[in-house]
Structures are given as C-alpha cells and as structure tokens.
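In what follows, a single structure is set out as structure tokens and then discussed.
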Amino acid sequence: MTIRVIIVDDQSMVRAGFAALLSAQSDIDVVGEAPDGRQGVEVSRATHPDVVLMDVRMPEMDGLAATQELMDPPPGVVHRPKVLMLTTFDVDDYVYAALRAGASGFLLKDAPPADLIAAVRVVAAGEALLAPTVTKRLITDFTQAQPVRRKEHSLKLNSLTPRELEVLELIARGLSNQEIAQKLVLAEQTVKTHIGRVLAKLGLRDRAQAVILAYESGLVTPGVQ
C-alpha cells in the first residue's frame with residue numbers, strides 16, 4: 001500500500017529536496033506541501049495524507065500548533081494523520097509538547113536520507129520514532145511532572161494486567177518488539193497483541209504517547225533500570 005505524505009516546511013528548497021527523495025520510493029507518494037502550519041492543516045484536510053512531515057519552527061503557525069489542530073480536529077473532521085516532526089535542533093523546546101499533542105515521531109533535518117525514508121515508513125505503520133537525544137530531553141521533562149498529574153496518570157494504569165504493565169515499562173525503556181519478546185520469553189506477535197491492548201485500554205495513539213504516560217505516571221523512573 002502506498003504511503004501518502006505531505007511536507008510542511010517554510011523553506012522551499014527543503015520541501016523540494018524531501019519531495020524528490022520520498023517520491024523516488026515506490027511505496028511513498030508526496031500528495032502536497034505547505035510553507036507554514038496553517039496551510040499545512042488545510043492541505044492535510046484536503047488530501048488526507050497518512051504522514052505529515054512537520055517542521056517545528058515556521059511563521060504564521062508553528063509545528064506544535066499545527067499538530068494540535070490535526071490531532072484535535074473540529075466536529076465533522078475525522079481524519080488524523082501521523083505527524084513526524086522535523087527540526088534542526090535536538091533540544092528544541094517544542095519537542096515534548098509536540099509529542100504530548102500527538103506527534104508520532106521526531107527526526108533531525110540533518111539525518112541521513114535513508115533515515116528519513118525509514119522514519120516515514122515506521123510512523124505510517126503506527127510505530128513511534130524517537131531519537132536518543134530526544135528521549136533524554138523527554139525524561140528530563142518527565143522528572144518535573146507535577147505530583148497531582150502523576151497521581152492522575154497512575155490511576156489509568158489500574159486497567160492493565162501485570163503482563164501489560166511489564167510490556168509498557170519495557171516500551172518506555174526503549175526496547176523494540178523483538179527485544180521485549182526476548183526479555184519476556186514471548187512470541188513477537190504476542191508482544192504486538194499486548195501493545196495493542198495497552199494502547200486501547202489507555203486510549204493512546206501510539207508508542208510515543210505510551211512512553212510519555214509511563215514516565216508521567218511514575219511506572220518508570222529515569223535512571224532506574
């Protein structure tokens with residue numbers, strides 16, 4: 001199945017470069033582009049892409065505000081694309097908020113072309129994509145979570161079985177499905193089933209939000225293995 005993509009970036013050369021790279025892939029179709037977040041939202045709602053490549057810093061409307069609009073559309077709009085954030089900064093102040101708003105991944109603009117192509121495929125498949133430097137930044141923010149909010153999130157975990165809690169913890173620690181399967185001595189398909197149930201029970205879109213909830217609830221403590 002072809003992955004439909006739109007590119008939202010205020011630099012025309014960046015848009016052209018990404019479009020040429022992605023369009024050359026047999027399984028990716030670039031169906032639109034926009035120079036700012038506001039137009040990006042409009043193009044997304046007109047073309048219904050699977051993935052939106054979203055720059056963080058743009059005029060008119062930045063990537064964070066645009067992501068929030070895409071993930072929380074007005075009544076009557078049901079399409080919610082996957083959002084892959086792009087930036088030149090690996091410590092961007094918007095990263096944490098963008099992921100909490102529903103972005104599925106984060107990639108630096110200077111990443112190798114193969115990484116961008118792989119990232120689009122990963123995000124389109126429903127997985128989360130977080131660079132190690134971004135994960136460290138997120139953990140720093142998690143440690144500053146308010147106690148009241150932590151209690152609120154911890155209550156959500158009561159619906160999970162002990163095995164599902166184990167799987168959630170390992171997701172938050174950055175393990176892949178294969179690594180989780182090896183650690184828990186389970187079939188990889190069984191792990192995928194557990195992850196699906198965790199996301200469904202907690203009302204989460206993908207693994208990125210699962211990681212956030214795991215830390216905000218106190219299930220996982222930064223620095224403790």
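By convention here, the first residue in the shown sequence is residue 1.
With hydrogens and angles disregarded, no donor-acceptor distance shorter than 3.5 Å links the side chain of His79 to the backbone of Pro73. Counting only distance, with no hydrogens or angles, the side chain of Ser217 and the backbone of Ala214 share a donor-acceptor pair below 3.5 Å. Judged by distance alone, with hydrogens and angles left aside, the side-chain atoms of Glu69 form no donor-acceptor pair with the main-chain N or O of Ala65 at under 3.5 Å. A distance-only check finds a donor-acceptor pair linking the side chain of Thr67 to the backbone of Gly63 [under 3.5 Å].
Evaluation of the side chain to side chain donor-acceptor pair (under 3.5 Å) test over residues 194-203, restricted to residues two or more places apart or in two chains, returns Glu164-Lys201. Screening residues 2-11 for side chain to side chain donor-acceptor pair (under 3.5 Å) gives Asp9-Lys109 as the qualifying pairs, with residues at least two apart or on separate chains.
For the pair Thr47 and Val31, the tightest heavy-atom approach, listed with the atom from each and the gap, is CG2-O, 3.7 Å. Of all heavy-atom pairs between Ala172 and Val211, the closest is CA-CG2, 4.0 Å.
Partner of Ile7 under the side chain to side chain contact (heavy atoms under 4.5 Å, CB included) criterion, chosen from Asp55, Leu86, Val30, Val51: Val30.
Considering only residues two or more places apart in sequence or on other chains, Asn177 meets the side-chain contact (heavy atoms from CB on, under 4.5 Å) condition with Glu127, Glu188, Val191, Lys192, Ile195, Arg207. Ala34 is linked by a side-chain contact (heavy atoms from CB on, under 4.5 Å) to Val8, Gln39, Val43, counting only residues two or more places apart in sequence or in another chain. Judged as a side-chain contact (heavy atoms from CB on, under 4.5 Å), and not counting sequence neighbours, the contacts of Pro74 are Arg45, Val77. Scored by the side-chain contact (heavy atoms from CB on, under 4.5 Å) test, Ala24 finds no partners at all (sequence neighbours excluded).
By the 4.5 Å heavy-atom criterion applied to side chains, Met71 and Val83 are counted as neighbours. Considering only heavy atoms from C-beta on, Glu60 stays 4.5 Å or farther from Pro35 through its side chain. At least one side-chain heavy atom of Leu157 sits under 4.5 Å from a side-chain heavy atom of Leu219.
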List the steps, then state whether side chain to side chain contact (heavy atoms under 4.5 Å, CB included) holds for Leu160 with Val167. CA-CA 10 Å; Leu160 303 183; Val167 170; over 6 Å; no
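Taking a cutoff of 4.0 Å between a charged side-chain nitrogen and a carboxylate oxygen, Asp50 and Lys82 do not qualify as a salt bridge.
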